[in-house]
Asker: 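The structure under discussion is supplied below as structure tokens; questions concerning it will follow.
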Amino acid sequence: MANTLFTPYRLSGLELNNRIVMAPMTRSRAIGNIPNETMAEFYAQRAAAGLLITEGTSPSPNGLGYARIPGIFSDEQVAGWKKVTDAVHEKGGKIVVQLMHTGRVAHADNLPAGATVLGPSAVKLENTKMWVDAKGVLELPAAKEMSVEDILLTIDEYVQAARNAIRAGFDGIELHGANGYLIKQFLNPHSNRRTDQYGGSIENRSRFLLEVVSAVINAIGKDKVGIRLSPFGTYNETHAYPETEATYLYLAEALKKLDIAYLHITDQSVKGEPNELTKAIRKIFTNTVILSGGYSAVKAEEALSQGYGDLVSFGVPFIANPDLVDRFKSKLPLNQPKFDLFYTAGKEGYTDYPVFEDVPVFA
Ligand SMILES: Cc1cc2nc3c(=O)[nH]c(=O)nc-3n(C[C@H](O)[C@H](O)[C@H](O)COP(=O)(O)O)c2cc1C
């Protein structure tokens with residue numbers, strides 16, 4: 001019988017109950033950048049997904065660009081995440097942490113004392129502003145261009161974060177190489193103007209990503225490492241460029257050689273169907289592919305049956321529907337998301353979405 005969203009899947013030694021993945025989503029509930037009980041409740045509510053990917057989580061004080069996002073570099077943060085992974089595992093779920101270094105997409109006032117806004121080059125974001133608690137929406141000054149020493153220190157931070165993730169009970173890590181954050185800032189020639197070995201050619205722009213991947217593999221093993229990429233995504237001013245296809249085909253080859261667990265492919269233009277580049281990447285990268293972006297259950301089933309991917313991640317539908325897996329299975333209607341509560345502190349619009357209950361029918 002053909003595989004469906006509800007067929008179990010073996011992801012590099014991890015047994016997933018189904019092929020439905022919760023996409024990583026920043027929710028800004030980590031007061032003081034430390035995961036808490038409310039976050040544990042949020043993830044546990046959604047543990048029926050085959051795999052949960054956490055919100056973007058910083059490996060470094062320098063990567064905490066947004067207000068109230070979590071980190072995974074201190075013991076307190078590891079202890080906070082342990083509550084989350086325990087709550088998910090108790091319900092039979094699997095969970096990986098997304099390591100997101102915001103790089104230049106950061107306001108210094110969101111960072112802890114002593115931290116620095118870093119980027120591959122000092123290129124200012126022209127049209128992107130950022131919320132800072134108690135201050136409002138502010139312009140972003142140019143980041144400090146990273147020295148080679150900064151780069152090596154940052155790679156070490158990813159390594160330590162990957163080790164911390166295992167200590168915190170995670171089933172693995174997803175490197176955030178998408179959506180205009182630090183790894184993508186290196187890939188994109190608009191945000192990366194370097195003339196050293198980390199800039200210029202495809203190989204050079206890919207170097208930071210591949211060095212991070214190799215370093216975390218050495219630390220925790222290739223079976224526990226996945227990465228998210230957004231080839232055509234221009235979010236956070238990573239503008240389109242002619243070598244996009246060539247860059248990502250090169251990466252697909254290199255990541256296949258490194259034999260990591262999965263590639264998670266998305267961008268803001270994907271609307272429930274893989275594009276030609278995703279299909280080409282799939283042919284090269286023959287380990288697990290997670291499709292993402294604008295998928296409905298029907299579109300996801302179509303993509304799986306065509307063999308375009310192995311798993312499909314859902315973002316916004318999971319925000320509003322803690323019981324999304326059951327709703328998909330029984331073809332039930334979905335709750336509507338409350339957009340204005342996506343990034344607010346507290347439980348409202350976070351852990352208070354109702355599960356589906358049959359409306360009693362009275363004669
Ligand atoms: C509130 C919100 C926060 C998000 N935060 C992240 C994030 O931290 N990391 C990431 O890779 N993508 C993030 N995304 C993108 C989602 O993972 C996903 O790619 C996007 O919502 C499209 O999928 P969907 O149509 O199923 O929602 C976020 C999306 C939303 C709506």
Side-chain angles (χ1 to χ4, degrees), residues 5 19-30 33 35 39 42-43 46 49 51-59 63-72 95-103 105-106 110 130-131 173-185 187 226-236 238 262-275 278 289-300 303 309 311-321 324-325 327-328 334-345 348-351 353:
L5 278 176
R19 296 170 187 228
I20 299 170
V21 176
M22 183 167 92
M25 283 178 292
T26 293
R27 302 303 308 279
S28 301
R29 263 67 179 187
N33 309 116
M39 289 165 60
F42 171 80
Y43 286 105
R46 288 154 181 79
L51 180 68
L52 300 175
I53 305 172
T54 71
E55 62 212 277
T57 299
S58 181
L64 289 168
Y66 294 109
R68 287 169 273 110
I69 64 170
I72 188 158
I95 182 166
V96 299
V97 61
Q98 188 188 53
L99 298 184
M100 172 178 85
H101 191 308
T102 50
V105 184
N110 281 335
M130 188 173 285
W131 173 263
I173 63 164
E174 173 176 293
L175 294 166
H176 197 348
N179 301 352
Y181 300 104
L182 185 63
I183 290 175
K184 174 119 189 198
Q185 288 161 32
L187 291 175
I227 190 164
R228 193 172 212 208
L229 299 174
S230 58
F232 291 114
T234 55
Y235 191 60
N236 286 319
T238 44
Y262 73 79
L263 258 187
H264 185 182
I265 310 172
T266 187
D267 68 56
Q268 289 67 38
S269 67
V270 177
K271 293 283 173 280
E273 273 171 34
N275 55 36
T278 298
V289 166
I290 309 179
L291 301 170
S292 176
Y295 280 87
S296 61
V298 172
K299 287 277 188 191
L311 306 169
V312 182
S313 77
F314 300 86
V316 174
F318 255 119
I319 290 183
N321 297 277
L324 188 68
V325 174
R327 291 185 192 234
F328 278 171
L334 302 185
N335 295 327
Q336 290 310 304
K338 296 172 192 159
F339 295 97
D340 54 330
L341 298 173
F342 275 9
Y343 303 107
T344 47
E348 206 195 342
Y350 189 52
T351 49
Y353 284 102

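Each ligand, and each atom within it, is numbered from 1 in the order the structure gives.
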Asker: Run through T278, L187, I265 and flag the one making a side-chain contact (heavy atoms from CB on, under 4.5 Å) with P231.
Answerer: I265
Asker: For F42, enumerate each residue passing the ring pair (Phe, Tyr, Trp, His ring centres under 6.0 Å) test, keeping only those at least two apart in sequence or located in another chain.
Answerer: Y350
Asker: Mind checking whether A178 has a heavy atom under 4.0 Å from ligand 1?
Answerer: no
Asker: Would you mind checking which non-hydrogen protein atom is closest to atom 1 (C) of ligand 1, with the distance to 0.1 Å?
Answerer: Y343 OH, 3.3 Å
Asker: Say whether H176, considering both its backbone and side-chain N or O atoms, lies within less than 3.5 Å of an N or O atom on ligand 1.
Answerer: yes
Asker: Identify the closest protein heavy atom to atom 9 (N) of ligand 1: which residue and atom is it, and at what distance?
Answerer: Q98 OE1, 2.9 Å
Asker: At what distance is the nearest protein heavy atom to atom 27 (O) of ligand 1, and which residue and atom is it?
Answerer: V316 N, 2.8 Å
Asker: Can you confirm whether R29 sits close enough to T344 that some side-chain heavy atom of one is under 4.5 Å from a side-chain heavy atom of the other?
Answerer: yes
Asker: Does only the side chain of S292 get under 4.0 Å from ligand 1, or the backbone, or both, or neither? Count heavy atoms.
Answerer: side chain
Asker: Should the proximity of T26 to ligand 1, defined as any heavy atom under 4.0 Å, be assigned to the side chain, the backbone, both, or neither?
Answerer: both
Asker: For ligand 1, which atoms sit closer than 4.0 Å to a heavy atom of G56?
Answerer: 8 (O)
Asker: Provide the number and element of each atom of ligand 1 under 4.0 Å from a heavy atom of A23.
Answerer: 17 (O)
Asker: Which ligand 1 atoms, with their elements, are less than 4.0 angstrom from a heavy-atom of F314?
Answerer: 26 (O)
Asker: Take atom OH of Y235 as the centre, draw a 6.0 Å sphere, and report whether it contains more than 12 heavy atoms from other residues, nucleotides or ligands.
Answerer: no
Asker: Within a distance of under 4.0 Å, is there any protein heavy atom near atom 20 (C) of ligand 1?
Answerer: no
Asker: What protein heavy atom lies closest to atom 16 (C) of ligand 1? Include the residue and the distance to one decimal.
Answerer: P24 O, 3.6 Å
Asker: Can you report which non-hydrogen protein atom sits closest to atom 26 (O) of ligand 1, along with the distance?
Answerer: G315 N, 2.7 Å
Asker: Kindly compute the distance separating NZ (K271) from OH (Y295), expressed to the nearest 0.5 Å.
Answerer: 11.5 Å
Asker: At a 4.0 Å threshold, what atoms of ligand 1 neighbour a non-hydrogen atom of N179?
Answerer: 10 (C), 11 (O), 12 (N)
Asker: Rounded to the nearest 0.5 Å, what's the gap from CD1 on I53 to CD1 on I173? Could you check?
Answerer: 12.0 Å
Asker: Can you tell if the side chain of N236 reaches within under 4.5 Å of the side chain of Q185, non-hydrogen atoms only?
Answerer: no
Asker: Tell me whether F318 reaches ligand 1 (any heavy atom closer than 4.0 angstrom to a ligand atom).
Answerer: no
Asker: Please state which protein non-hydrogen atom is closest to atom 22 (C) of ligand 1 and give its distance, to 0.1 Å?
Answerer: G293 CA, 3.9 Å
Asker: Answer whether the closest heavy-atom distance between the side chains of Y66 and V105 falls below 4.5 Å.
Answerer: yes
Asker: Quick check for you: to the nearest 0.5 Å, what is the distance between E55 atom CD and R68 atom CZ?
Answerer: 11.5 Å
Asker: Where is the nearest protein heavy atom to atom 25 (O) of ligand 1: which residue, which atom, and how far?
Answerer: G294 N, 2.7 Å
Asker: Taking the side chain as C-beta and beyond, is there a heavy-atom pair between M100 and N179 under 4.5 Å?
Answerer: no
Asker: Should the pair F342 and F339 be assigned to parallel (<30°), tilted (30 to 60°) or perpendicular (>60°) ring geometry?
Answerer: tilted
Asker: What is the minimum heavy-atom distance between F318 and A49, and which atoms define it?
Answerer: CZ-CB, 3.7 Å
Asker: Given M100, M22, M25, identify the one with the heavy atom nearest to atom 28 (C) of ligand 1.
Answerer: M25
Asker: For T266, take its heavy atoms, then give the atoms of ligand 1 lying under 4.0 Å from any of them.
Answerer: 19 (O)
Asker: So which protein heavy atom does atom 12 (N) of ligand 1 come closest to, and at what separation?
Answerer: R228 NH1, 2.9 Å
